[in-house]
Amino acid sequence: MTSFEMADLEPKERYKLLVALVVPRPIALVSTVDAAGLVNAAPFSFFNVFSEDPPLVVLGLERKAPGALKDTTNNIAATGEFVVNLVDEGIAAAMNVCAVDFPPEVSELGAAGLTTRASRLVRPPHIAEAPANLECRHYQSLEVGRDRRLVIGEVVAIHTRGGLIEPSTLRLDWQAYRPVGRLFADLYCRTGDVFAMERQSHEAWQRTAGRTTDDE
């Protein structure tokens, strides 16, 4: 066994291990607006759903330089709103363009060839080409280090591409979704190779394993 104690490692070394091992990670292409109404879009893979009651997502937002917050972090702090646009194979390349460190006057969305639609309950627009959009209001933020802030957002509305969710059952058409996952460095993954494993009750597990309660 090879073991690493985090106290013995520099932050960049911890990052290298964590992002290589905790994979795949979903990608949040986050759209925000600043006080002047300028739209910003940036991808983050330190992201996941956190709770359903209330419905919460969490973003791990890194500083772009010591003492300097990224536009996404500043915009959420200023407006209290953001949209998580989920990423599938169809917009993966455009998402990667949004990761370019453009100057403030350049629109990431324009450079990536993406368009927006007005959101229903929040000011930032959502990305029209994304398979799903989560409109969020700021719920809570945690400063977890000099270079990292955890932003928790409450999901107030969800939009999905037509045909992705069956409205009466809320079931997802997995073949129509095809999300991509973040690995590490320049690596991503497709999620087309899917398999099922039924979650069993204790009684069903006992029957499958050929056990009875008397064996315990």
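Worth knowing before you read on, the calculation uses all heavy atoms, side chains too, and leaves out hydrogens, waters and symmetry mates.
Note on Trp174 and Ile165: same hydrophobic cluster, where clusters join Ile, Leu, Val, Met, Phe, Trp and Tyr whose side-chain heavy atoms are under 4.5 Å apart, directly or indirectly. By the criterion of side-chain heavy atoms lying less than 4.5 angstrom apart, applied directly or through intervening Ile, Leu, Val, Met, Phe, Trp or Tyr residues, Leu172 is grouped together with Val57 in one hydrophobic cluster. Following chains of ILVMFWY side-chain contacts shorter than 4.5 Å, one cannot reach Leu142 starting from Val151, and the two form parts of different hydrophobic clusters. Both Tyr139 and Val58 are members of a single hydrophobic cluster when ILVMFWY side chains are connected at heavy-atom separations under 4.5 Å. Transitive grouping of hydrophobic side chains (ILVMFWY, heavy atoms separated by less than 4.5 Å) brings Leu150 and Leu56 into a common cluster.
Side chain to side chain, Glu154 and His138 fail the donor-acceptor criterion of an N or O pair below 3.5 Å. Of the N and O atoms on the side chains of Asn40 and Ser31, not one donor lies less than 3.5 Å from an acceptor on the other residue.
Applying the 6.0 Å contact sphere to CD of Glu10 captures no more than 12 heavy atoms from other residues, nucleotides or ligands. Remark: Arg14 CZ is packed, more than 12 non-hydrogen atoms of other residues, nucleotides or ligands lying under 6.0 Å away. The environment of CG in Asp8 is crowded: more than 12 heavy-atom neighbours from other residues, nucleotides or ligands sit within 6.0 Å. Applying the 6.0 Å contact sphere to CZ of Phe50 captures no more than 12 heavy atoms from other residues, nucleotides or ligands.
Inter-residue side-chain proximity for Val19 and Phe46 is flagged as met; some heavy-atom pair is nearer than 4.5 Å. Under the 4.5 Å side-chain criterion, counting only non-hydrogen atoms from C-beta, Leu17 is in contact with Leu9. Here the side chains of Met6 and Phe4 are in contact, with some heavy-atom distance below 4.5 Å. Within the 4.5 Å cutoff, the side chain of Glu166 has no heavy atoms near those of the Asp173 side chain. Side chains of Asn133 and Ile158 form no contact here, defined as non-hydrogen atoms less than 4.5 Å apart. For the pair Gln200/Thr208, a side-chain contact is recorded, criterion being any heavy-atom separation below 4.5 Å from C-beta on.
In this view, Phe102 and Val97, Val100, Val106, Glu108, Ala111 satisfy the side chain to side chain contact (heavy atoms under 4.5 Å, CB included) rule, not counting sequence neighbours. Here Arg178 pairs with Glu89 under the salt bridge (charged side-chain N to carboxylate O under 4.0 Å, His left out) rule; sequence neighbours left out. The side chain to side chain contact (heavy atoms under 4.5 Å, CB included) search around Met197 returns Phe195, not counting sequence neighbours. A search for salt bridge (charged side-chain N to carboxylate O under 4.0 Å, His left out) contacts involving Arg25 returns nothing, not counting sequence neighbours.
Shown here for Leu121 and Arg137, the closest heavy-atom pair between the two residues is O-NH2, 3.0 Å. The two atoms that bring Arg123 and Gly37 nearest to each other are NH2-CA, 3.5 Å, heavy atoms only. Contact between Pro26 and Phe47 at its shortest, heavy atoms only, is CG-O, 3.4 Å. For the pair Pro125 and Val83, the tightest heavy-atom approach, listed with the atom from each and the gap, is O-CG2, 3.8 Å. A pairwise comparison of heavy atoms in Glu129 and Thr115 identifies OE2-OG1, 2.7 Å as the closest pair.
Hydrophobic side-chain contacts under 4.5 Å tie Ile27 into a cluster, directly or through other members, with Leu29, Val33, Val39, Val87, Ile91, Met95, Leu109, Leu114, Ile127, Val180, Tyr188. As a member of the Ile/Leu/Val/Met/Phe/Trp/Tyr network built from side-chain separations under 4.5 Å, Leu21 groups with nothing else and remains a singleton.
The line from OG of Ser119 to NE2 of His159 is 5.5 Å long, rounded to the nearest 0.5 Å. Distance check, rounded to the nearest 0.5 Å: NZ of Lys70 to CG of Asp101 gives 8.5 Å. Going from atom OG1 of Thr191 over to atom OH of Tyr177 covers 8.0 Å, rounded to the nearest 0.5 Å. If you take OG1 on Thr79 and CG on Asn74, they are separated by 10.5 Å, rounding to the nearest 0.5 Å. Atom CG of Leu164 is separated from atom CG of Leu86 by 9.5 Å, given to the nearest 0.5 angstrom. Distance CG/Leu38 to OG1/Thr32: 8.5 Å, rounded to 0.5 Å.
Side-chain atoms of Arg190 do not come within 3.5 Å of backbone N or O of Asp193 as any donor-acceptor pair. Of the possible polar contacts, none joining the Glu135 side chain to the Val156 backbone as a donor-acceptor pair under 3.5 Å is found.
The one candidate from Thr73, Asn75, Val122, Leu59 that meets the side-chain contact (heavy atoms from CB on, under 4.5 Å) condition with Phe82 is Leu59.
Below 30°, between 30° and 60°, or above 60°: for His202 and Trp205 the angle between ring planes is below 30°, a parallel geometry.
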